[in-house]
Q: 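I'd like to ask you about the structure that follows.
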Amino acid sequence: MDQRTDVVDPQDLMDLPLPRPSECPFGPSPDFARLRVESPVVQVRCPTGMRAWLVSRYADVREVLGDAERFSSRTGQVPHMMGHADPGRPVRPGEFTRMDGAEYQRFRRHIGPEVGTPKRLAELRPRVEAIVDERIDALAAGGSRADFYGDFTVPVTTAAISGVVGVPYADRHLFHHAAAAVFSDVTSEPEMAAAMRPLHAYLYQLVRSRREDPQDDGVSRIIARSEQANEPFTEAELVSMCAVMLVAGFDTTATALAHGMFALLAYREQYARLRADPSLIPSAVEEIVRCFGGAAGIARQVTRDTEIGGTPVRAGDYVVVAIQAADRDPAEFEDPDTIDVGRRMSGHLGFGYGTHQCFGQQTARLELSVVLEKLTRRIPSLRLASAVEEVPFKENTPVIGPAAVPVTWDEILPRERGQR
Ligand code: HEM
């Protein structure tokens with residue numbers, strides 16, 4: 001069979017998204033197991049009408065993400081899922097997620113240190129610890145039942161990203177509202193513009209004030225770093241960059257954390273292992289990101305005629321890498337569908353791979369680690385408050401995960417008793 005996208009009868013194309021398993025809320029579509037063996041690079045029709053090559057094997061996904069010259073990010077991350085994210089629209093100033101090459105590196109150079117250096121992370125840790133303790137205290141004050149996603153992970157990751165960028169937590173509604181629009185596949189382009197306008201207006205003020213009066217915060221340092229290097233950012237670029245960080249930084253982490261804890265509480269022996277042996281927390285964090293990172297897949301565009309895993313693809317074709325499927329590839333991970341907090345592995349793709357690999361991965365790792373440390377100490381009796389199959393899932397979004405995780409507990413230990 002000719003495998004070219006443009007010669008396949010549209011009737012024969014598979015539709016994305018592939019159905020998620022009804023019996024188990026912890027895995028990507030079971031169809032991926034078959035695809036990885038029979039059609040690892042296959043043509044699909046996306047919800048936005050775009051045709052793309054769906055790539056599901058670990059080695060192939062890594063190859064695509066690792067080669068920015070053959071596979072461009074110009075499309076944006078999720079144009080296959082979101083009608084408002086037309087892959088052909090012009091790249092806006094500061095929209096670095098859709099840039100390649102040197103144009104992109106200018107952004108990475110100046111933002112990267114803000115979220116990834118050991119010094120910055122060491123400064124962030126006590127802040128994140130305080131945020132997590134406060135939220136655990138709030139759970140205790142609220143009774144013996146809560147929604148772990150809405151009442152806990154969203155406030156924790158919101159406070160963390162607010163601190164990283166330098167936006168007061170009190171102003172979070174602006175980027176929550178924008179993120180809800182960005183990550184919804186039912187948002188139209190005009191709705192998107194309307195949702196971003198107040199955030200952009202706010203960030204313009206913030207950027208101007210930091211230019212005139214630098215503070216000890218992320219925006220001020222990014223401005224200073226770029227100016228010292230003689231590569232100053234324009235106001236429009238700074239506004240867009242801050243918006244990307246705020247929007248990309250909280251619900252991805254909140255959802256992965258909620259999904260991960262949902263799994264650890266559903267397979268409660270895993271939570272018990274962490275309580276008994278906190279040295280497993282770093283591997284538990286990686287396991288959560290392997291299983292629940294990566295979202296619904298990331299898009300790229302082929303820049304020149306080439307092959308993926310032996311399948312020819314042409315310049316201009318779209319590619320969607322199914323990260324969660326790749327991270328469940330038995331060729332790479334032993335017993336990949338089992339969540340194992342002690343798993344020894346390297347190289348999952350939950351934070352992506354290659355040039356555009358997640359900017360905030362060290363921040364996310366820090367947040368997940370602190371949450372697991374504090375929860376296992378202070379709420380050893382934490383458990384699900386509803387049956388696994390009753391936990392509702394988000395709809396109309398590529399950020400796959402639970403919409404709420406009802407939890408309960410017997411006792412929450414005060415901060416001082418929760419010390420090891
Ligand atoms: C568990 C939480 C997270 C997951 C699973 C995650 C996942 C990802 C993935 C898969 C990509 C790659 C996109 C691509 O290749 O096109 C990415 C990019 C990105 N992430 Fe994250 N992320 C998380 C947390 C964060 C946080 C906390 C921040 C902010 C501090 C952040 C900021 C970004 C940004 C700015 C990009 C775009 C990078 C680029 O295009 O060069 N992420 N993330």
Side-chain angles (χ1 to χ4, degrees), residues 61-62 64-68 71-80 85 87 91 94-101 103-116 120-121 124 128 153 156-167 175 179 182-183 218 222 240-261 285-301 319-324 326-327 348-369 371-372 398-401:
V61 168
R62 201 171 136 118
V64 170
L65 291 177
D67 191 339
F71 303 102
S72 162
S73 288
R74 215 63 169 181
T75 51
Q77 292 169 0
V78 280
H80 54 299
V91 176
E95 201 187 358
F96 59 85
T97 55
R98 296 182 57 213
M99 295 177 187
D100 296 314
E103 187 189 23
Y104 170 75
Q105 289 305 336
R106 169 171 165 252
F107 288 87
R108 188 105 200 172
R109 228 177 354 261
H110 300 306
I111 307 174
E114 216 36 63
V115 281
R120 194 62 61 223
L121 290 164
L124 190 59
V128 174
T153 67
V156 164
T157 61
T158 299
I161 195 65
S162 302
V164 167
V165 177
V167 167
F175 60 92
V182 169
F183 291 130
I222 290 171
S240 178
M241 282 156 49
C242 292
V244 169
M245 296 298 288
L246 291 167
V247 166
F250 86 93
D251 200 41
T252 43
T253 317
T255 304
L257 187 49
H259 210 165
M261 275 307 292
V285 168
E286 298 309 315
E287 183 70 337
I288 288 175
V289 180
R290 178 186 75 87
C291 293
F292 307 114
I298 303 277
R300 294 289 190 263
Q301 189 165 28
V319 176
V320 171
V321 290
I323 291 183
Q324 286 192 354
D327 274 345
H348 68 69
L349 306 175
F351 286 122
Y353 180 70
T355 309
H356 281 265
Q357 200 179 22
C358 181
F359 260 48
Q361 59 183 290
Q362 302 303 359
T363 308
R365 283 191 171 99
L366 173 65
E367 291 174 52
L368 266 64
S369 302
V371 166
L372 293 179
V399 187
I400 301 166

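Throughout, residue positions are numbered sequentially from 1 according to the sequence presented. First listed ligand is number 1; within each ligand, the first listed atom is number 1. This one's a predicted model, so the numbers in the text were calculated from it and none came from an experiment.
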Q: Which heavy-atom pair separates Phe250 from Ala179 by the least distance, and what is that distance?
A: CE2-CB, 3.5 Å
Q: Using a strict 4.0 Å cut-off to heavy atoms of Gly352, name the atoms of ligand 1 that fall inside it.
A: 10 (C)
Q: Ignoring angles and geometry beyond distance, decide whether Thr355 reaches within less than 3.5 Å of ligand 1 through its nitrogen or oxygen atoms.
A: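 The answer is no, given that Thr355 and ligand 1 share no N or O pair closer than 3.5 Å.
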Q: Between Phe351, Phe292, Tyr353, flag the one that comes closest to atom 11 (C) of ligand 1 by a heavy atom.
A: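 Among Phe351, Phe292, Tyr353, the closest heavy atom to atom 11 (C) of ligand 1 belongs to Phe351.
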Q: Going by heavy-atom distance to atom 12 (C) of ligand 1, choose the closest among Gln362, Glu367, Gln361, His356.
A: His356
Q: Nearest heavy atom to atom 41 (O) of ligand 1: which of Phe359, Phe107, Phe96, Tyr104 does it belong to?
A: Tyr104
Q: Heavy-atom contacts with Gly350 under 4.0 Å: which atoms of ligand 1 show up? List them by number with element.
A: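 Near Gly350, the atoms of ligand 1 are 5 (C), 7 (C), 10 (C).
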Q: Considering only heavy atoms, does Thr253 approach ligand 1 within less than 4.0 Å through its side chain, its backbone, both, or neither?
A: both
Q: Considering only non-hydrogen protein atoms, determine which one is nearest to atom 20 (N) of ligand 1 and report residue, atom name and distance to 0.1 Å.
A: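 Atom 20 (N) of ligand 1 sits closest to the protein heavy atom Cys358 SG, 3.2 Å.
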Q: Should you measure from each heavy atom of Thr97, which atoms of ligand 1 turn up under 4.0 Å away?
A: 37 (C), 40 (O)
Q: Quick one: which ligand 1 atoms are inside 4.0 Å of a heavy atom on Arg300?
A: 14 (C), 15 (O), 16 (O)
Q: Looking at Gly249, which atoms of ligand 1 are within less than 4.0 Å of one of its heavy atoms?
A: 26 (C), 27 (C), 28 (C), 29 (C)
Q: Any idea which atoms of ligand 1 are less than 4.0 Å away from a heavy-atom of Ile161?
A: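 Under 4.0 Å from Ile161, ligand 1 has these atoms: 29 (C), 30 (C).
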Q: Write down the atom of Pro79, the atom of Ala85, and the distance for their closest heavy-atom approach.
A: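 Looking at all heavy atoms of both residues, the shortest contact is CB-O, 3.1 Å.
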Q: State plainly whether the residues Arg74 and Glu103 are in salt-bridge range, i.e. N to O under 4.0 Å.
A: yes
